[in-house]
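Because only heavy atoms are used, hydrogens play no part in the values below, and waters and symmetry mates are left out as well, while side chains stay in. Each chain gets a letter, A, B and so on, in the order its sequence line appears, and its residues count up from 1.
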Amino acid sequence: MNYLEELNPSQREAVEHTEGPLLVLAGAGSGKTRVITYRIAYLVNVKKIFPGKILAVTFTNRAAGEMRSRVHSLIGISHYVRAGTFHSTALAFLKRYIQYTPYKNGFSVIEKDDRLSLVRQVIKELNLDSKLFSPKKYMHAISSYKNSMRYIEEGDPSDRDFGERFWDIFDGYSKALLDQRLIDFDDMLAYCLRILLRSPEVLEEYKKSCEYILVDEYQDTNAVQFAFLKILAGANGNLCVVGDDDQSIYAFRGAEISNILNFEKHFENVREIKLTQNYRSTEKILSLANNLIGYNFSRRGKLLKAERSEKGEVTFRNFKSEKEEADFLAEKAYEWYIAGRNLSDMAVLYRTNAQSRNFEIALKRESIPYKVVGGVGFYQRREIKDILSYLRVLGNPFDEISFVRSIKTPPRGVGDQLIDKIKFYAESERVDFLTAASQVAFTAPKRQAMGINLFLNIILTVNSAATITDKVSAAIRETKYQEYLFATEEREEAREREDNILELINAAAGFEEQYPDAPLSDFLAASSLTSSEDEKTVLGAVSLMTIHSAKGLEFDSVYIAGAEEGIFPIGSLRNGETELEEERRLCYVAITRAKTYLTVACAQSRIMHGSRLKMNPSRFIREMREGMLETGIPVFHETFGEGFIIDLGKETPIPIADVMFRRSGRKRIRADFLKIKS
DNA sequence: ATCAGAGGTGTTTTT
DNA sequence: CACCTCTGAT
């Protein structure tokens, strides 16, 4: 087994320690994926474990795919190794044990946007004012509740934590899901766990296929995911979790950093291994990362050591405006390109998606190829949802949202009133929407009946197409979707959307190639589980993305944009320190994406919410540069008084107000105070 | 039934 | 600024 030689001693230990709970604290760039894949290979090849007894879980499909292909190249066959996201794993489980769910006749997956419309609908039906009862907030509350153990145990319904009408809305939403045979993202895991908790025979059986569990990005697990692992592995199980507490950036979505901080309290005889040798970044970059993260208190503590010997290059820039910030990047990208380097080795990272705009404009102007990664995902695009709604309604004719969407787009004379009739019929006769539609068409006036029949004919034609790919093509063709696009949208917009729907045909073909006999519902489920996170960076183009989407990636040159108070850290920190620490971890993630070159940029002013605001450099700049203030010259800062010029030489000086950064003593200045209208 | 325009609202990150 | 919803006109 010569590949063990390709590992350093700690990595090797992590690979070879196969029995009992194992916590691998893997710093950024320390060969985390390598450990997981080699470990699987070791289990199969050396320990002779049947691959079907191994379960590997990650958070993104991209990571799961990568893992599969790397395992494949190590051991040849990877068919029986199950590597997937928590959600795809849960979905596969539910498919297998569907008789244990309330969805014995099948279900389809409801996506985020549709969940929101459903909540909105429920709020409306309860005659509540959507201004007072913000659908977004309630959606979020429902989601948090479903990600808690109270929900799994169907906790105390008198619980009023979420406010007066929460339970009304929650019940309405739950009923709608059940009626429409829909399952949401949170329920995938919730139902899965409920079954495991309540049906010992299922647990017994399923456990056999999970004798060796590996978890990637363990710091991002939430309470339900933790419970899932716990019940499968038990206190002494062969559970190997790999993660980095310093890279926990998903608390807002329920991730519990305590899962990794207190791992050894939940399991017995835990072996802990730290991976601190960094193979990615140069020394200068790592020292910035180490300095910065040292300001956090809630962490296990570790120092990354650079294995690369090159010094690397770190630059701080302070620009007049967001425009200059973008122009500078465009210039840098041009130089990079002229120097014969690959633009895909370069990335711009920002805190919020909205920041991409200026960079897009600047790069477009200079004709530099770029790719905005993330943002609105492919399957969230309107045109894609429009076409897929036809397939979805075929897959699940009880799905009201997909039914409504498909029957009214493109418009064909079926309006809200007619749709209400169909809904009413479906409800009173307890039939699905397609049946209801055809029934209503009999009694409706000619004109209305024509619209419905037009729609039903399209559905029939799509249904009779043999393959999934053909179904997609049929939906596009029969709805005359392209014509519709060019009739209603600007040329360029329509062209782009057209490209996307053609890409959808490719996606379907690709899916069928990979899973030749999979039913339509599998394709639809896969599309629901595919997020913008899974999009790849493009060869020969600069990548633009949020720091969240950059997790797990690396680039030779990284440009961190908008390092300003109010942006990064973001200006809405409610729980003070806890959230600030998460922002700091986010910054740590951003820095550690860089291999050789790192630029941190801030602007003195920027347009936000429509008006130009004065901005101040992020405290993170100060923190990461700690110990590098060789020649700090005191200076008067117009807003905050005494401060320092910390950046000397060719760069524009960065004035930093001392009061902003003093760690002890005076109270922290609130971020919204920092936004001063000019 | 459909669309255009006004007005109001909020704005982090996403499996 | 950008999005969404609601309204009123066609």
Side-chain angles (χ1 to χ4, degrees), chain A residues 57-64 84-91 109 111-113 115-117 120 124 129-132 134-137 139-140 143 146-147 184-189 216-217 220-222 224-225 248-255 322 349-355 357-358 373-377 379-380 407-420 447-448 451 487-488 528-535 545-552 562 566-574 579 582-583 585-587 589-590 606-613 671-672 675:
Chain A
V57 212
T58 63
F59 275 86
T60 65
N61 293 300
R62 186 179 64 200
T85 62
F86 273 102
H87 295 273
S88 67
T89 304
L91 204 56
V109 177
E111 284 155 60
K112 208 187 118 191
D113 292 351
R115 288 178 79 174
L116 190 63
S117 353
R120 191 175 285 129
K124 208 172 183 177
D129 184 357
S130 66
K131 272 161 204 148
L132 284 160
S134 146
K136 257 202 184 129
K137 290 208 175 100
M139 180 67 256
H140 190 252
S143 192
K146 286 192 170 186
N147 278 115
D184 69 22
F185 257 63
D186 306 317
D187 273 337
M188 288 181 200
L189 274 158
D216 190 15
E217 306 281 12
D220 292 331
T221 50
N222 65 27
V224 176
Q225 286 154 180
S248 158
I249 55 175
Y250 284 108
F252 69 90
R253 152 181 118 185
E322 75 281 3
L349 307 184
Y350 34 77
R351 177 65 240 264
T352 64
N353 279 121
Q355 287 166 258
R357 246 186 103 93
N358 298 310
V373 182
V376 180
Y379 287 100
Q380 257 95 272
I407 201 168
K408 62 197 280 197
T409 42
R412 54 176 72 84
V414 180
D416 290 338
Q417 284 187 9
L418 232 197
I419 290 172
D420 279 345
R447 200 179 251 237
Q448 300 186 343
T488 52
S528 302
L529 292 177
T530 306
S531 78
S532 56
E533 275 299 276
D534 301 315
E535 285 171 31
M545 65 185 96
T546 63
I547 301 165
H548 283 90
S549 347
K551 197 166 81 160
I567 291 192
F568 195 20
I570 203 148
S572 56
L573 302 178
R574 306 202 152 281
E579 281 179 59
E582 176 143 322
E583 293 286 304
R585 289 192 291 269
L586 196 53
C587 189
V589 169
R606 125 179 1 250
I607 292 179
M608 283 178 84
H609 320 132
S611 53
R612 183 162 289 281
L613 304 179
D672 52 349
K675 292 187 209 161

Nucleotide nearest [X] (side chain, heavy atoms from C-beta), chosen from [options]:
| X | options | result |
| --- | --- | --- |
| Arg120(A) | dT14(B), dT13(B), dT5(C) | dT5(C) |
| Ile570(A) | dT5(C), dT12(B), dA2(C) | dT12(B) |
| Glu579(A) | dT12(B), dT13(B), dT5(C) | dT12(B) |
| Ser549(A) | dT13(B), dA2(C), dT14(B) | dT14(B) |
| His548(A) | dT11(B), dT14(B), dC4(C) | dT14(B) |

*Stacking between Phe252(A) and the base of dT14(B) (centre distance under 5.5 Å, interplanar angle under 30°)?*
no

*Sugar-phosphate, base or nothing in reach of Arg585(A), heavy atoms under 4.0 Å*: nothing

_Those residues that, when tested against Glu582(A), pass side chain to side chain donor-acceptor pair (under 3.5 Å) (two or more places apart)_ = Arg585(A)

*Contacts of Lys146(A) that satisfy side chain to side chain donor-acceptor pair (under 3.5 Å) - sequence neighbours left out*: Asp184(A), Asp187(A)

Interatomic distance, [X] [atom1] vs [N] [atom2] [rounded to whole Å]:
| X | N | atom1 | atom2 | answer |
| --- | --- | --- | --- | --- |
| Tyr350(A) | dT14(B) | OH | P | 10 Å |
| Lys136(A) | dT13(B) | NZ | P | 10 Å |
| Phe568(A) | dT12(B) | CZ | P | 15 Å |
| Ile567(A) | dT12(B) | CD1 | P | 13 Å |
| His140(A) | dT12(B) | NE2 | C1' | 11 Å |
| Arg357(A) | dT12(B) | CZ | C1' | 18 Å |
| Asn61(A) | dT14(B) | CG | P | 15 Å |
| Lys112(A) | dT13(B) | NZ | C1' | 10 Å |

[X]: what forms a side-chain contact (heavy atoms from CB on, under 4.5 Å) with it, not counting sequence neighbours?
| X | result |
| --- | --- |
| Ala255(A) | Tyr250(A) |
| Ile607(A) | Glu322(A), Arg612(A) |
| Lys137(A) | Ser134(A) |

Please determine if a side-chain N or O atom of [X] lies less than 4.0 Å away from the OP1 or OP2 oxygen of [N].
| X | N | value |
| --- | --- | --- |
| Arg253(A) | dT12(B) | no |
| Thr546(A) | dT14(B) | yes |
| Asn353(A) | dT11(B) | no |

*Relative to the ring of His87(A), is the ring of Phe185(A) parallel (under 30°), tilted (30 to 60°) or perpendicular (over 60°)?*
tilted

*Are a donor atom and an acceptor atom from the side chains of Asn353(A) and Thr546(A) found within less than 3.5 Å of each other?*
no

Which atoms of nucleotides 1-5 of chain B (N or O only) lie under 3.5 Å from a protein N or O atom, and what are those distances?
{"unit_1": "dA1(B)", "atom_1": "OP1", "unit_2": "Gly415(A)", "atom_2": "N", "d": "3.0"}
{"unit_1": "dT2(B)", "atom_1": "OP1", "unit_2": "Gly413(A)", "atom_2": "N", "d": "3.4"}

*asked:* If you compare all heavy atoms of Leu586(A) against all heavy atoms of Ile547(A), which two are closest, and at what distance to 0.1 Å?
replied: O-CG2, 3.4 Å

*With P as the reference atom in both, quote the distance from dT13(B) to dC4(C) in angstrom, rounded to an integer.*
14 Å

